[in-house]
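Some notes on the structure that comes next.
Counting starts at 1 for both ligands and their atoms, in listed order.
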Amino acid sequence: MLVKKTRPWELSENQATSEHIFFNRRKFLKTSGLLAAGVGSGLLAACEDGAEADTGRALSLDPNASKYPAARNPNFTLTREITREDVSSRYNNFYEFGSHKRISSAAQDLEIRPWQVVIDGDVAEPLTLDCDELIKAMPLEERLYRHRCVEAWAMAVPWTGFPFSELVKLANIKSGVRYVRMETFMNPDVASGQNQFWYPWPYVEGLTLDEATNDLAFLVTGVYGKPLPKQFGAPLRLAVPWKYGFKSIKSIVRFTFTAKRPVSFWEEINAAEYGFWANVNPDVAHPRWSQATEELLGTGTRVPTQLFNGYAEQVAHLYAGNNQPLYR
Ligand code: MTE
């Protein structure tokens with residue numbers, strides 16, 4: 001006898017989602033004006049000048065500023081010191097603004113208001129949301145995460161945001177979805193790096209649905225108790241701390257739910273060096289960087305790298321017995 005195991009995403013919206021979440025989805029769509037305007041019509045909130053150059057100005061422009069600092073979730077703390085803000089905010093990878101680490105001032109040219117976030121692909125109804133409205137509707141919390149780049153440097157960061165699983169609930173995905181593909185903005189006029197034609201812009205990343213709904217997968221809207229500065233990937237970025245940093249895509253404009261594995265930006269450039277899985281593994285060297293140890297930025301010290309960046313307990317089961325490589 002064939003027994004079909006029904007998965008949550010195969011149910012209709014009100015069956016698949018708890019009453020609380022279903023209510024919140026309806027309430028969110030209603031308060032954001034999307035129900036009245038017709039879902040997917042791309043309603044935007046009032047436009048503000050987003051060219052703020054400093055945190056104070058960013059705070060004054062942010063309608064969600066009062067949500068920061070958010071309460072720290074005690075399930076996500078660290079034993080290592082948090083990296084100093086003046087270090088982490090001036091040492092960033094954001095190739096849209098240059099292929100070096102000092103992009104923080106160039107990134108201030110990015111206009112983050114209004115900012116549309118599209119949720120599409122295999123979903124009941126595509127959504128086009130105003131990012132401020134999305135953040136307003138989400139339960140924000142602070143989590144202390146390790147952050148490990150494949151270049152063998154590491155930070156410890158107090159991110160603020162909401163679980164990726166909340167966005168998956170909102171998306172109302174269809175059966176058969178196995179991956180989520182994420183895409184960054186495209187605007188070569190302000191992001192000069194996007195004029196470098198040898199890169200396959202826009203920046204794209206992907207996760208399996210199991211990864212995206214794992215407790216650790218976090219959509220980030222703030223850091224150090226404040227709304228996210230632009231060099232960190234404002235207004236919305238990913239944090240998947242068991243993977244190398246290039247998976248944590250910045251300034252997301254689109255989430256596409258799909259049955260097909262997406263090809264990510266770095267994978268397209270060089271699949272041998274930057275695979276889809278990109279799980280932190282001290283035993284698998286990158287062709288240019290040993291992964292055995294990592295430099296803790298701002299401290300001058302190196303420490304041994306941990307498998308899955310120290311998150312094996314939470315995520316190792318995702319890769320057990322299914323031939324998915326730990327690194328590439
Ligand atoms: N996202 C976009 N859109 N563009 C990028 O160049 N770089 C990635 C990732 N997300 C990148 C991106 C890399 S290589 C790393 S290590 C992290 O962002 C760096 O995040 P941080 O600057 O907050 O430390």
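- Under 4.0 angstrom from ligand 1, the non-hydrogen atoms of Arg237 all belong to its side chain.
- The aromatic rings of Phe185 and Trp115 sit perpendicular to each other, their planes meeting at more than 60°, with 30° as the lower class boundary.
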Determine, stepwise, if the pair Glu183 / Arg181 fulfils salt bridge (Lys or Arg N to Asp or Glu O under 4.0 Å). CA-CA 7 Å; Glu183 193 177 292; Arg181 176 187 185 277; 2.7 Å; yes
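- Atoms of ligand 1 found under 4.0 Å from any heavy atom of Tyr95 (numbered from 1 in listed order, with element): 5 (C), 6 (O).
- Using modelled atom types, one finds a donor on one side chain and an acceptor on the other under 3.5 Å when comparing Lys243 with Asn279.
- The part of Tyr203 lying near ligand 1 is the side chain, judged by heavy-atom distances below 4.0 Å.
- Taking the six-membered ring for Trp and thresholds of 30 and 60 degrees, Trp159 and Phe232 have ring planes more than 60 degrees apart, a perpendicular arrangement.
- When hydrogens are left out, the protein atom nearest atom 17 (C) of ligand 1 is Gly245 O, 3.5 Å; that is the closest non-hydrogen contact.
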Walk me through it: do Asn92 and Gln231 pass the test side chain to side chain donor-acceptor pair (under 3.5 Å)? CA-CA 7 Å; Asn92 304 96; Gln231 64 269 31; 4.9 Å; no
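- With a 4.0 Å cut-off on non-hydrogen atoms, Asn92 touches ligand 1 through its backbone as well as its side chain.
- Remark: distances from the non-hydrogen atoms of Ser248 to ligand 1 include one below 4.0 Å.
- Polar contact check, Tyr91 against ligand 1: no nitrogen or oxygen pair lies under 3.5 Å apart.
- Contacts with ligand 1 closer than 4.0 Å are made by side-chain heavy atoms of His147 only, the backbone lying farther away.
- Across all their heavy atoms, Phe246 and Tyr203 have their closest contact at O-OH, 2.8 Å.
- Heavy atoms of Glu96 found under 4.0 angstrom from ligand 1 belong exclusively to the side chain.
- Near Thr184, with a cut-off below 4.0 Å to any heavy atom, the atoms of ligand 1 are 3 (N).
- In this structure, the protein non-hydrogen atom closest to atom 7 (N) of ligand 1 is Asn93 O, 3.4 Å.
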Would Arg148 and Glu294 count as a salt bridge (Lys or Arg N to Asp or Glu O under 4.0 Å) if you check the C-alpha gap in whole Å, the side-chain angles of each, and the deciding distance to 0.1 Å? CA-CA 8 Å; Arg148 171 62 156 81; Glu294 61 199 32; 2.6 Å; yes
Stepwise salt bridge (Lys or Arg N to Asp or Glu O under 4.0 Å) test for Glu85 and Lys226: CA-CA 11 Å; Glu85 185 178 356; Lys226 294 169 285 195; 2.8 Å; yes
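- Of the polar atoms of Trp153, none of the N or O atoms is found under 3.5 Å from an N or O of ligand 1, judged by distance alone.
- Residue Glu133 forms a side chain to side chain contact (heavy atoms under 4.5 Å, CB included) with just one option from Ile135, Leu129, Asp130, and that option is Asp130.
- Among Phe246, Phe232, Phe185, the residue whose heavy atom lies closest to atom 13 (C) of ligand 1 is Phe246.
- With respect to the salt-bridge test (charged N to carboxylate O, under 4.0 angstrom), the residues Glu111 and Lys230 do not qualify.
- Within ligand 1, counting atoms from 1 as listed, the ones closer than 4.0 Å to a heavy atom of Cys149 are 16 (S).
- Looking at Arg90, Lys250, Met182 and measuring to atom 21 (P) of ligand 1, the nearest heavy atom belongs to Lys250.
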